[in-house]
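We're numbering straight along the sequence, starting at 1. Both counts, for ligands and for their atoms, begin at 1 and track the order of listing.
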Amino acid sequence: MRKALAAALLLALAACGQPSAGGAVRVTLVQGLAGEEFYETMACGALAKAKELGVELEVQGPQKFDPTLQTPIVNSVVAAQPDALLIAPTDVKAMIAPLTQAKQRNIKIILVDTVVEDASIGLSRISTDNVKGGAAAAKALSEQIGGKGKVLVISTDPGVSTVDARIEGFEKEIKAAHPGVTSLGVQYSHNDVGEASKIVNAALAKDPDLAGVFATNLNSATGAGTALQQAGKLGQVKMVGFDAGPAQVKQLRDGVVQALIAQLPGEIGAKGVEQAFAAVKGQQVTAAIPTDATIVTRENVDTPEVRKVLYKAGC
Ligand code: T6T
């Protein structure tokens with residue numbers, strides 16, 4: 001579907017007399033993980049904005065959220081010399097070198113969702129305020145467990161700027177305002193659904209009185225929820241998950257998870273194309289653009305404003 005849309009875009013450009021080479025601004029979006037609903041929704045937002053601005057946009061992504069798979073993709077994009085690169089770096093350190101290459105080739109770099117530690121990389125950084133999102137998750141989970149009990153945090157990997165910020169926001173909020181809540185710390189699922197399930201099963205065996213789980217992203221949440229369901233802990237162990245993919249929304253409806261923190265990936269993608277276009281045209285670029293997040297519950301999941309922020313698997 002997306003390929004057809006990109007082809008249609010090229011045709012539309014050709015149709016309006018805009019030659020693809022030399023004429024239209026050429027941008028490539030490198031996702032953190034191809035096919036995942038967060039990044040697919042981001043691509044849809046970016047493609048819609050590209051059509052509006054007459055930008056030639058190509059979308060690529062690794063099959064795993066892994067810098068060793070993302071680096072060769074960036075290298076081949078750099079070799080194709082687009083005018084600009086939108087990217088969600090999969091590690092704060094490991095992606096500095098390939099992005100430095102892109103910068104040295106004067107490719108305009110816009111960071112969407114995640115960032116790298118080198119502040120000189122990325123003319124604009126567009127992302128959810130993840131520290132704030134983590135704090136909101138802590139408040140929601142504490143409320144669900146009556147302000148007392150043990151909670152576990154499940155994340156993907158250290159070195160992923162977004163989820164690290166969510167953990168920071170969560171832990172700070174728990175320490176600052178929820179004295180009855182004990183955090184058992186973070187365990188890492190390597191963004192693998194099965195691994196996340198294993199972690200929750202082990203945690204339930206070690207702490208049968210576990211009261212709550214905070215899962216920092218889509219795959220961690222899906223796996224943690226499946227384990228709670230299989231362990232028959234629905235409603236007994238409460239969960240808050242980041243993201244709002246179809247599997248998570250089903251878990252919300254089934255009472256496996258009590259609240260989701262939905263980001264605005266479509267808006268992040270659209271703003272990314274806007275900033276890339278401005279950078280290539282030598283116009284004003286905004287260095288940091290925080291985007292909002294919405295708390296989704298069973299009570300509001302079918303309201304029109306919330307339905308709009310649920311992630312899609314395609315455009
Ligand atoms: O949570 C999103 C994204 O913000 C994060 O950087 C990586 O994981 C997701 O893509 C969801 O799996």
Around atom 7 (C) of ligand 1, find the nearest protein heavy atom and jot down its residue, atom name and distance. Y39 OH, 3.8 Å
Distance to 0.1 Å, residue and atom name: give those for the protein heavy atom nearest to atom 8 (O) of ligand 1. N217 ND2, 3.1 Å
Looking at ligand 1, does any of its N/O atoms fall within less than 3.5 Å of an N/O of Q263? yes
Where does M42 meet ligand 1, judged by heavy-atom distances below 4.0 Å: at the side chain, the backbone, both, or neither? neither
Considering only protein heavy atoms, which is closest to atom 3 (C) of ligand 1, and at what distance to one decimal place? D113 OD2, 3.3 Å
Are I107 and V78 close enough that some pair of their side-chain heavy atoms sits under 4.5 Å apart? yes
Please could you name the atoms of ligand 1 that L218 approaches to less than 4.0 Å, counting only its heavy atoms? 11 (C), 12 (O)
V25 versus L53: any side-chain heavy-atom pair under 4.5 Å? no
What about E36: any of its N or O atoms under 3.5 Å from an N or O on ligand 1? yes
Are the side chains of F170 and V153 in contact, using a 4.5 Å heavy-atom criterion? yes
Atoms in ligand 1 with a heavy atom of T162 nearer than 4.0 Å: 5 (C), 6 (O)
Taking distance alone, with no angle check, do T216 and ligand 1 share an N/O pair under 3.5 Å? no
Is there a side-chain contact between E40 and Q31 in this structure, where contact means two heavy atoms from C-beta onward sitting under 4.5 Å apart? yes
Would you call I110 and L123 a side-chain contact if the rule is heavy atoms closer than 4.5 Å? yes
Residues E305, K308: salt bridge by 4.0 Å N-O rule: no
Say whether Q248 and ligand 1 are in contact under the criterion: heavy-atom distance to a ligand atom below 4.0 Å. no
Do D243 and Y311 come within less than 4.5 Å of each other through their side chains, counting heavy atoms only? yes
Are N130 and T128 linked by a side-chain donor-acceptor pair shorter than 3.5 Å? no
Are any of the N/O atoms in T114 less than 3.5 Å from those in ligand 1? no
Provide the number and element of each atom of ligand 1 under 4.0 Å from a heavy atom of D243. 1 (O), 2 (C), 9 (C), 11 (C)
